[in-house]
Number of protein chains: 2
Amino acid sequence: MLLYFSMSKIKSAPVCKIEIVDEGKVKKARKLISNSDEIIDIAEIFKLLGDPNRLKIVLALLHRELCVCDLAAVIDSTVSAVSHQLRLLRNARLVKYRKDGKMVYYSIDDEHIAQIINITKVHVKES
Amino acid sequence: MLLYFSMSKIKSAPVCKIEIVDEGKVKKARKLISNSDEIIDIAEIFKLLGDPNRLKIVLALLHRELCVCDLAAVIDSTVSAVSHQLRLLRNARLVKYRKDGKMVYYSIDDEHIAQIINITKVHVKES
DNA sequence: TTAACATTTGCACAAATGTTCAAATGTTAT
DNA sequence: ATAACATTTGAACATTTGTGCAAATGTTAA
């Protein structure tokens, strides 16, 4: 007979020995975070907004579309650095772009972003 | 006579030569992101939520308080790793803790976090 | 065609980050 | 006192990340 243990970390998943109800707690909490793929996707959005320069880009774009060159001027960085960051934001579909001749105009591609940032702003101001 | 140029990057802050209105655009956008300290604080929150394991910790704690050991079991990590992450979340006042004997129970210390995460979840599901 | 401009891209590199391990701290029970 | 347990902490390590540079791409104008 074979016994299988599903533990991704060999070290085992410890459950405290105190309090007999613990195991129920843990199982319930595990279910809440069972959708690992979704969590990774959500974390990806937060990670992108978690860099000050990228956040500045997003904040600037929330007001109106801007070309790469102007964005660099706005956040006081280089065109190259901004372009690198825009690629990440593009891949996550947080921004979209529109080409006009040699210019590329970027804008926000998500209706919720302003909301997310504003709520977080409230948090920061309160603490 | 001395001339001062306020450019933190020596490379200059380029403004595209096309479109004469650009300078106005840039100045307006600059004002929107002028509160650099606040932006850094907001980015800090996002950065913390931007790690899948830390986000799992927060999601688990949103449901109910948990001790470090159980948290480790829930997110399938080690006690040490969880403790390190909790320190970061503590420093940013995203979580608080309560001591009971040798146990330390952590819980969410911010009313907005659930809101922020839920809105982001909507974004992810829509794309 | 060439020149000028806007943007993108690949590489290199330093800085930041997350995890592991081992040791330290603190608490409870024996 | 010692032993057992829960948590924290510091150091080491590999990985990730953001930026600068230079070259490449693409577009417009001369």
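Just so it is clear: chains get the letters A, B, ... in the order the sequence lines come, proteins before strands, and each one is counted from 1. What you are looking at is a predicted structure, and each value in this text was computed from that prediction instead of being measured.
- Of the candidates D:dT8, C:dT7, D:dC5, D:dT8 carries the atom nearest the B:Arg90 side chain, counting heavy atoms from C-beta on.
- A donor and an acceptor atom, one from each side chain of B:Lys56 and A:Ser36, are located under 3.5 Å apart.
- One atom, CG of A:Asp76, and another, P of D:dG18, lie 18 Å apart when rounded to the nearest Å.
- The side chain of B:Gln85 sits closest to C:dT19 out of D:dT9, D:dT19, C:dT19.
- One can place CG of B:Asp70 at 15 Å from P of D:dC5, the figure rounded to the nearest angstrom.
- Using a 4.0 Å heavy-atom cutoff across all strands shown, B:Val104 reaches sugar-phosphate atoms only and no base atom.
- Residue B:Arg90 places its CZ atom among more than 12 non-hydrogen atoms of other residues, nucleotides or ligands, all under 6.0 Å distant.
- Summarising the geometry, the separation between CG on B:Leu89 and C1' on D:dT8 is reported as 15 Å, rounded to the nearest angstrom.
- In this structure, B:Tyr97 and B:Tyr106 have tilted ring planes: the angle between them lies in the 30° to 60° band.
- The base of D:dT9 is paired with the side chain of B:Ser80 by a donor and an acceptor separated by under 3.5 Å.
- In this structure, B:Lys102 places its NZ atom 11 Å from P of D:dA4, rounding to the nearest Å.
- Atom-to-atom, CZ of B:Arg87 to P of C:dT25 comes out at 17 Å; the value is rounded to the nearest Å.
- Across all strands, A:Val68 comes closer than 4.0 Å only to sugar-phosphate atoms, never to a base (heavy-atom distances).
- Ring stacking holds between B:His84 and D:dT9, with the centres under 5.5 Å apart and the planes within 30 degrees of each other.
- Comparing A:Asp51 and A:Lys99 against DNA chain D, the residue whose closest nucleotide sits nearer the 5' end is A:Asp51.
- Checking B:Lys96, B:Lys99, B:Arg98 one by one against B:Glu65, the salt bridge (charged side-chain N to carboxylate O under 4.0 Å, His left out) holds for a single residue, B:Arg98.
- A sub-4.0 Å separation between OP1 or OP2 of D:dT19 and a side-chain N or O of A:Asn53 is present.
- In this structure, B:Arg30 contributes its side chain and A:Ala73 its backbone to a donor-acceptor pair below 3.5 Å.
- Regarding contacts with the backbone of D:dG18, a side-chain N or O of A:Arg54 is found under 4.0 angstrom from either OP1 or OP2.
- For A:Tyr106, the side-chain atoms get nearest to C:dT8 when compared with the rest of D:dT8, C:dT8, D:dA6.
- Closest heavy-atom contact between B:Arg54 and B:Leu48: NE-O, 2.8 Å.
- Close to D:dT17, at under 4.0 Å from its OP1 or OP2, lies a side-chain N or O of A:Lys47.
- Residue-to-nucleotide contacts include no donor-acceptor pair under 3.5 Å from the side chain of A:Thr78 to the base of D:dC21.
- Taking atom CG on B:Leu55 and atom C1' on C:dG18, their separation rounds to 15 Å, with Å as the unit.
- When each of A:Gly101 and B:Leu86 is assigned the nucleotide of DNA chain D with its nearest heavy atom, B:Leu86 is the one assigned upstream, toward the 5' end.
- Whole-Å rounding puts the A:Lys17 NZ to D:dA3 P distance at 17 Å.
- Separating the CE atom of A:Met103 from the C1' atom of C:dA4 is a distance of 14 Å, rounded to the nearest angstrom.
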